[in-house]
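Scope of the values below: all heavy atoms of this structure, side chains included, with no hydrogens, waters or symmetry mates.
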Amino acid sequence: MSEVLKTLILGSGPAGYTAAIYAARANLQPVLLAGRQPGGQLTITSDVENYPGFPDGVMGPQMMEMFQKQAERFGTKVLHEHAEKVDLRKRPFTVVTDADRTYRCQTLIISTGASALYLGLPNERALQGKGVSACATCDGFFFKNKVVYVVGGGDSACEEASFLTKFAAKVHLLVRRDQMRASKIMQKRVLDNPKIEVVWNTSVTDVFDAGAGKVTGLELVDTRSGARRRVPADGLFLAIGHKPNTELFAGQLPMDEKGYLKTTPGRTATEIPGVFACGDVQDSYYRQAITAAGTGCMAAIEAERWLEAQH
């Protein structure tokens, strides 16, 4: 494109669409590149019941469709393209997509999100939202009086397991080794909870649905002996970490040790003036739709004010 855009947004989850709504209403005429997973992680979430304004809940994909329509209503141009190269070393910034198109922009809002790490099991992806989850806060409510398994040995796994005891009848925490990586206080919280059983030296090798269209059981393996066994289960929660989608910006933007983009504390501004990051791509702590949307709003306002300052 020969035109230099005022604002280009990479990513189409709650952060990206909210940034688009605010940017469009500020007459920044944003173009949003939806990426390879339009709607982000919410498209693999079934019912969303903790987002304000939806008293009866809403399906994740439906919610993202509504976000998109609202952004388009104010003039956002949504393109189903994926950014493959960026050049932030000079202005205007340049983005090349998988459609072999090049976009130039005065401000860039990065909302490419993060991806939960999965085990790579054959049925794992097929059963996402049907008993397999990577977010207890999002989906724990749907497992009232159920038996669930959590995979992981760090603080996140302990937090997920503890949170799930509010709903599940029994929580099994599967740890690959004979000890956890979690902090001592988190370990104590888990070990002292009568609803949590820690299963040491154990991994998951398969997840079953028995033709029910939802998780009905797991295959577990003893990491020492190699012995396998099947257990009934209603849910499998993966807490082995998230990976921010930041490979595109390696060497151009500062990141923390986990790969999350660094922004000014309390802001969305990155080290490069005119480049902003919002949502899960820079938030390793909350990772919620509503907090992502909030930072999307912040990014658009910051972009607008930055452009005003330049003129």
With no hydrogens and no angle check, is any side-chain donor or acceptor of [X] less than 3.5 Å from a backbone partner on [Y]?
X	Y	result
K6	N27	yes
Q310	W306	yes
D234	V147	yes
D280	A292	no
N123	F208	no
E124	L119	yes
T246	L261	no
D206	E219	no
E302	R267	no

Check the surroundings of atom [atom1] in [X]: do more than 12 heavy atoms from other residues, nucleotides or ligands lie under 6.0 Å from it?
X	atom1	value
F163	CZ	yes
D192	CG	yes
R177	CZ	yes

Practice prompt. For the pair E81 and D98, evaluate side chain to side chain contact (heavy atoms under 4.5 Å, CB included) and give the outcome as yes or no after the intermediate values.
Written response: CA-CA 6 Å; E81 299 177 29; D98 56 356; 3.9 Å; yes

In terms of hydrophobic clusters joined by side-chain contacts under 4.5 Å, are [X] and [Y] together?
X	Y	result
M64	I21	no
I240	L121	yes
M186	V150	no
V221	Y149	no
L10	Y22	no

Rounded to the nearest 0.5 Å, what separates atom [atom1] in [X] from atom [atom2] in [Y]?
X	Y	atom1	atom2	value
L174	L218	CG	CG	7.5 Å
T97	H80	OG1	NE2	13.0 Å
K90	I272	NZ	CD1	12.0 Å
F67	T18	CZ	OG1	5.0 Å
T205	R230	OG1	CZ	9.0 Å
S162	K195	OG	NZ	11.5 Å

With the side chain counted from C-beta on, respond yes when [X] and [Y] share a heavy-atom pair under 4.5 Å apart, and no when they do not.
X	Y	value
F93	Q252	no
T202	H172	no
L117	K243	yes
M255	F249	yes
L253	I110	yes
R91	P273	yes
K170	E197	yes
Q288	D283	no

Heavy atoms only: give me the nearest [X]-[Y] pair and the separation to one decimal.
X	Y	result
P244	Y260	CG-N, 3.6 Å
A20	L32	CB-CD1, 4.0 Å
V281	N245	CG2-O, 4.0 Å
T270	V275	OG1-O, 2.8 Å
L127	V215	CD1-CG2, 4.0 Å
V4	P92	CG1-CB, 3.8 Å

Worksheet item: Would M66 and F54 count as a side chain to side chain contact (heavy atoms under 4.5 Å, CB included) if you check the C-alpha gap in whole Å, the side-chain angles of each, and the deciding distance to 0.1 Å?
Response: CA-CA 12 Å; M66 295 167 73; F54 297 93; 3.7 Å; yes

Item to complete: Apply side chain to side chain contact (heavy atoms under 4.5 Å, CB included) to W200 and M180, showing your working.
Response: CA-CA 9 Å; W200 305 102; M180 297 187 210; 3.8 Å; yes

Worksheet item: Are Q68 and V78 close enough, and set up right, to give a side chain to side chain contact (heavy atoms under 4.5 Å, CB included), and what steps lead you there?
Response: CA-CA 8 Å; Q68 179 178 340; V78 177; 3.9 Å; yes

Item to complete: May I have the step-by-step check of side chain to side chain donor-acceptor pair (under 3.5 Å) for T7 and T107, ending in yes or no?
Response: CA-CA 5 Å; T7 300; T107 61; 2.9 Å; yes

Discussion item. Can you classify the ring geometry of F143 versus F237 as parallel (below 30°), tilted (30 to 60°) or perpendicular (above 60°)?
Written reply: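 Ring orientation of F143 relative to F237: perpendicular.
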
